[in-house]
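Structure first, then comments.
Order of appearance sets the numbers: ligands from 1, and atoms from 1 within every ligand.
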Amino acid sequence: IDAGNGQVFGVNENGSIYIRQKGAWAQVPGHLSHVTVGPAGVWGVDSANVIYRMRGGSWIIMNGLLKQIDAGGNGFLGGVNQNDDVLCVNEEEARSATTPSSPVYNHISGKLTYYSCGLYGCWGVNANNDIYFRSNVTPGQCIGSIWVLIRGKLSMIETGTDGSVYGVNSDAKVFRRDGITSKQPTGTNWSHISIGQIRFKHVTADLGQLWLTTTSNNIIHCQ
Ligand SMILES: *[C@@H]1O[C@H](CO)[C@@H](O)[C@H](O)[C@H]1NC(C)=O
Ligand SMILES: *[C@@H]1O[C@H](CO)[C@@H](O)[C@H](O)[C@H]1NC(C)=O
């Protein structure tokens, strides 16, 4: 599931795509392994790493191959490919990407398995579950400057359009990053969020709402 820009999209175990509408899931045509929604629009990737963008209610194939993509940044895109290379697309390039030869990607040094952008910057995790924040990312310079290693271990991390940061660790526990401000975009510490003994595999946040998926593919929505 990805929540952003006031919208919520998700994919199920079979790759079917859904949008949250009036308190229910409505199926969207197509098949994807990952979907993202945010200021840069609605994008997704399929099990062959082909990239799609939703335009006028249907999917168009875009340039490149990614295994995970994120549209939560301030108009720009981030993502990782099958070799764990980190890529991003500047805002103007992302906005005008409407043909299969677009967009043009910028390669960011380093290796990550998951990369997600929001109000105060971009966060990622690598194959060793190390957590990194990318400094000085802007809509026109999505490549940013340096990686800052953040204390802790997570297997996935999501940055909300509102600047919030949540993640899941290899023990299926959910954490929230506290203390994030524009002056201190890396925040201060992780807080464990537990709901009974439920084990989670994914979390996404937008507009103060949390969408969690459990290891058995159940969905939990916290308002
Ligand atoms: C996925 O497909 C299988 C086989 O068609 C089906 O039994 C299962 O219910 C589907 N899962 C979901 C979540 O739709
Ligand atoms: C994290 O920081 C917040 C605010 O600085 C504080 O209230 C909270 O107790 C801290 N949590 C942990 C687990 O240290």
Side-chain angles (χ1 to χ4, degrees), residues 1-38 40-62 64-72 77-82 84 112-118 124-125 127 129 154-161 164-176 193-223:
I1 301 182
D2 194 34
N5 234 16
Q7 290 185 294
V8 181
F9 277 78
V11 296
N12 72 9
E13 59 185 332
N14 295 340
S16 300
I17 312 159
Y18 295 86
I19 182 173
R20 191 77 183 166
Q21 278 176 344
K22 300 187 184 113
W25 295 105
Q27 193 168 354
V28 174
H31 279 87
L32 295 172
S33 56
H34 178 89
V35 66
T36 180
V37 55
V42 182
W43 296 67
V45 298
D46 69 12
S47 52
N49 295 333
V50 174
I51 303 165
Y52 299 82
R53 176 181 199 178
M54 186 169 270
R55 297 277 299 172
S58 56
W59 297 105
I60 55 171
I61 292 181
M62 305 304 292
L65 293 170
L66 292 173
K67 68 176 175 186
Q68 179 255 326
I69 187 165
D70 191 88
L77 292 167
V80 297
N81 70 13
Q82 60 189 349
D84 291 353
L112 294 177
T113 53
Y114 204 104
Y115 190 55
S116 173
C117 299
V125 294
N129 289 347
L154 292 172
S155 50
M156 66 81 45
I157 192 161
E158 273 284 343
T159 314
T161 321
S164 60
V165 175
Y166 288 86
V168 175
N169 73 4
S170 58
D171 196 24
K173 292 188 163 82
V174 174
F175 293 85
R176 179 188 66 224
I193 296 171
S194 61
I195 305 172
Q197 300 294 311
I198 301 174
R199 293 169 59 77
F200 298 98
K201 69 172 179 189
H202 193 93
V203 58
T204 178
D206 186 42
L207 306 173
Q209 310 207 5
L210 217 54
W211 292 88
L212 302 134
T213 42
T214 70
T215 50
S216 43
N217 286 340
N218 290 307
I219 302 161
I220 296 179
H221 178 205
C222 299
Q223 289 183 302

Is the charged tip of R20 near the ring of W25: under 6.0 Å from the six-membered ring centre and within 45° of its axis?
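The answer is yes, since R20 meets both limits relative to W25.
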Taking atom types as modelled and ignoring hydrogens, do the side chains of D84 and T113 form a donor-acceptor contact shorter than 3.5 angstrom?
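There is no such pair (donor and acceptor under 3.5 Å, judged by atom type) between the side chains of D84 and T113.
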When you measure from the side chain of [X] to the backbone N and O of [Y], does any donor-acceptor pair fall under 3.5 Å?
| X | Y | result |
| --- | --- | --- |
| T161 | G118 | no |
| D206 | G6 | yes |
| T214 | S216 | yes |

For ligand 1, give me the residues whose heavy-atom distance to it is below 4.0 Å, by chain and number please.
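Only N12, E13, N14 have heavy atoms that fall under 4.0 Å of ligand 1, ordered by chain and number.
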Contact between M54 and V28 at the side-chain level, heavy atoms closer than 4.5 Å - yes or no?
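They are in contact (side-chain heavy atoms under 4.5 Å apart), so the answer is yes.
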